[in-house]
Amino acid sequence: YMEPAHVVISDSYLNNIISNKIKIEVGDLDRFDHYGVYLKCGKYIKCDCCLFATGYKLDLNYLDENLLQLIEYDSNDKLMPVVLYKCTFSPCISDMAFVGIYRGPYWGIMELQARWAALVFSNKLNHKLDNLNDVKQYMEKERSLRNAKYKPQFPHSDYVRLSMEIAQEIGEFPNGFNELKIHEPELYEEIKECSFIPAHFRLANLTDEKLKICKSQMNQIKDLIENQ
């Protein structure tokens, strides 16, 4: 337990602690016997069942070895098993994309990744990454992040920033939301007060139908928050 603390995402964890349904024990596992577990500090805890929340490893061994080398695949790295441009493309491979292959994926980003891949593979979007300086710099930052001595629990934790970066790649508000601020100031103010949702990246070339869907989703989230 000398490593940095990790975030736990749960709807009931804190309430269960308050009600004494969960008791926290800090320490490293040493060994088991028939009735419980010993911690390395010497403490003994009786238990009926022990669950190991060790996460999972990404297995891409069905891909060709040359491809695995190009995406810098490491099956033992749970946080960044591959090194990609904006978690989606390898600059060395023009006909392959990845969706949700990063630690802490959110639906909004995965939807943007899928849209990006679909545009590229349908030849509706130019896709040349191999010789661009900013792409090379981005990849170097990814490698530095991967090789850091102390890695963050979520290497790409800035949901909004990564969403904006991918959205700009596919032409959704290349200048951020400034365009919306000018042409739809009322909607812009509503978005500022709303939780971040995928529908926010369906507003380029705004139509009445897009506006209706976005406002409907924002109202649903607002109602959920207010009625919690």
Side-chain angles (χ1 to χ4, degrees), residues 7-14 82 84-91 93-129 132 134-135 137-139 141-142 145 152-228:
V7 175
V8 175
I9 301 174
S10 172
D11 292 331
S12 57
Y13 182 67
L14 291 179
V82 293
L84 302 169
Y85 179 63
K86 299 184 180 177
C87 304
T88 309
F89 284 101
S90 167
I93 308 173
S94 61
D95 56 356
M96 180 178 286
F98 296 82
V99 175
I101 307 297
Y102 71 100
R103 182 64 174 265
Y106 290 96
W107 291 113
I109 291 177
M110 289 191 287
E111 180 180 305
L112 287 165
Q113 288 178 309
R115 291 172 63 189
W116 189 9
L119 288 169
V120 170
F121 297 150
S122 61
N123 294 319
K124 294 180 180 179
L125 184 67
N126 186 30
H127 182 63
K128 292 183 179 180
L129 301 177
L132 299 177
D134 58 340
V135 174
Q137 293 174 4
Y138 189 98
M139 295 296 289
K141 288 181 180 179
E142 290 293 283
L145 183 59
Q153 182 183 359
F154 299 104
H156 305 93
S157 59
D158 194 335
Y159 178 30
V160 176
R161 180 175 180 177
L162 183 56
S163 296
M164 292 293 291
E165 288 180 355
I166 298 176
Q168 289 172 0
E169 292 284 349
I170 66 175
E172 286 282 355
F173 296 112
N175 298 315
F177 283 93
N178 291 331
E179 178 185 342
L180 195 65
K181 183 178 182 180
I182 295 171
H183 299 292
E184 294 287 342
E186 183 178 341
L187 178 59
Y188 175 81
E189 292 300 324
E190 289 184 38
I191 288 176
K192 281 175 58 179
E193 301 300 324
C194 177
S195 300
F196 196 67
I197 58 175
H200 291 160
F201 293 108
R202 294 284 185 176
L203 300 177
N205 302 315
L206 190 62
T207 64
D208 291 341
E209 183 65 20
K210 288 182 178 181
L211 183 60
K212 180 181 177 181
I213 293 172
C214 183
K215 287 193 172 184
S216 174
Q217 291 188 9
M218 288 194 297
N219 288 334
Q220 289 178 37
I221 292 174
K222 184 179 179 180
D223 290 341
L224 284 172
I225 294 173
E226 290 179 349
N227 294 323
Q228 276 187 344

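Since the model is a prediction, treat every value here as computed from it, not as a measurement.
Residues Phe201 and Phe196 have side chains in contact (heavy-atom distance under 4.5 Å, counting atoms from C-beta outward). Taking the side chain as every heavy atom from C-beta outward, Pro152 and Leu145 approach each other to under 4.5 Å. Residues Lys86 and Trp116 meet the side-chain proximity criterion, which asks for heavy atoms closer than 4.5 Å. Within the 4.5 Å cutoff, the side chain of Leu224 has no heavy atoms near those of the Gln220 side chain. Lys212 is not listed as a side-chain neighbour of Thr207, based on a closest heavy-atom distance of 4.5 Å or more.
Side chain of Ser163 to backbone of Tyr159: a donor-acceptor contact under 3.5 angstrom is found.
Residue Ala199 comes nearest to Gln217 through the heavy atom pair CB-OE1, 3.2 Å, listed as atom of the first residue, atom of the second, then distance. The minimum heavy-atom distance linking Ala117 with Ala97 is given by the pair CB-CB, 3.7 Å. Shown here for His200 and Cys214, the closest heavy-atom pair between the two residues is CD2-SG, 3.8 Å.
Distance check, rounded to the nearest 0.5 Å: CH2 of Trp107 to CG of Leu112 gives 13.5 Å. Remark: Phe98 CZ to Thr88 OG1 distance equals 10.0 Å, nearest 0.5 Å. Atom OG in Ser157 sits 10.0 Å away from atom OH in Tyr102 (nearest 0.5 Å). The CD1 atom of Ile170 sits 6.0 Å away from the CG atom of Leu119 when rounded to the nearest 0.5 Å. For the atom pair CG of Leu162 and SG of Cys87, the computed distance is 5.0 Å after rounding to the nearest 0.5 Å. Taken from CG in Leu84 to CZ in Phe89, the straight-line distance is 10.0 Å, to the nearest 0.5 Å.
Salt bridge annotation for Lys192-Glu189: present, with a cationic side-chain nitrogen under 4.0 angstrom from a carboxylate oxygen. The pair Arg115-Glu172 meets the salt-bridge criterion, since a charged nitrogen lies less than 4.0 angstrom from a carboxylate oxygen. The existence of a salt bridge linking Glu111 and Arg202 is confirmed by a sub-4.0 Å separation between a basic side-chain nitrogen and an acidic carboxylate oxygen.
For Lys210, the NZ atom is densely surrounded, since the number of other residues' heavy atoms within 6.0 Å is greater than 12. Counted within 6.0 Å of CG on Asp208, heavy atoms from surrounding residues, nucleotides or ligands total 12 or fewer; the atom is thus considered open.
For His156 and Glu165, the side-chain atoms include no donor-acceptor pair closer than 3.5 Å. A side-chain donor-acceptor contact under 3.5 Å links Tyr85 and Glu169.
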Inset, instruction - Using the side chain to side chain contact (heavy atoms under 4.5 Å, CB included) rule, take Ile166 and Arg161 through it: C-alpha gap first, then chi angles, then the decisive distance, then the call. - result: CA-CA 9 Å; Ile166 298 176; Arg161 180 175 180 177; over 6 Å; no
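The only option from Ile213, Ile191, Leu211 that meets the side chain to side chain contact (heavy atoms under 4.5 Å, CB included) definition with Leu203 turns out to be Ile191.
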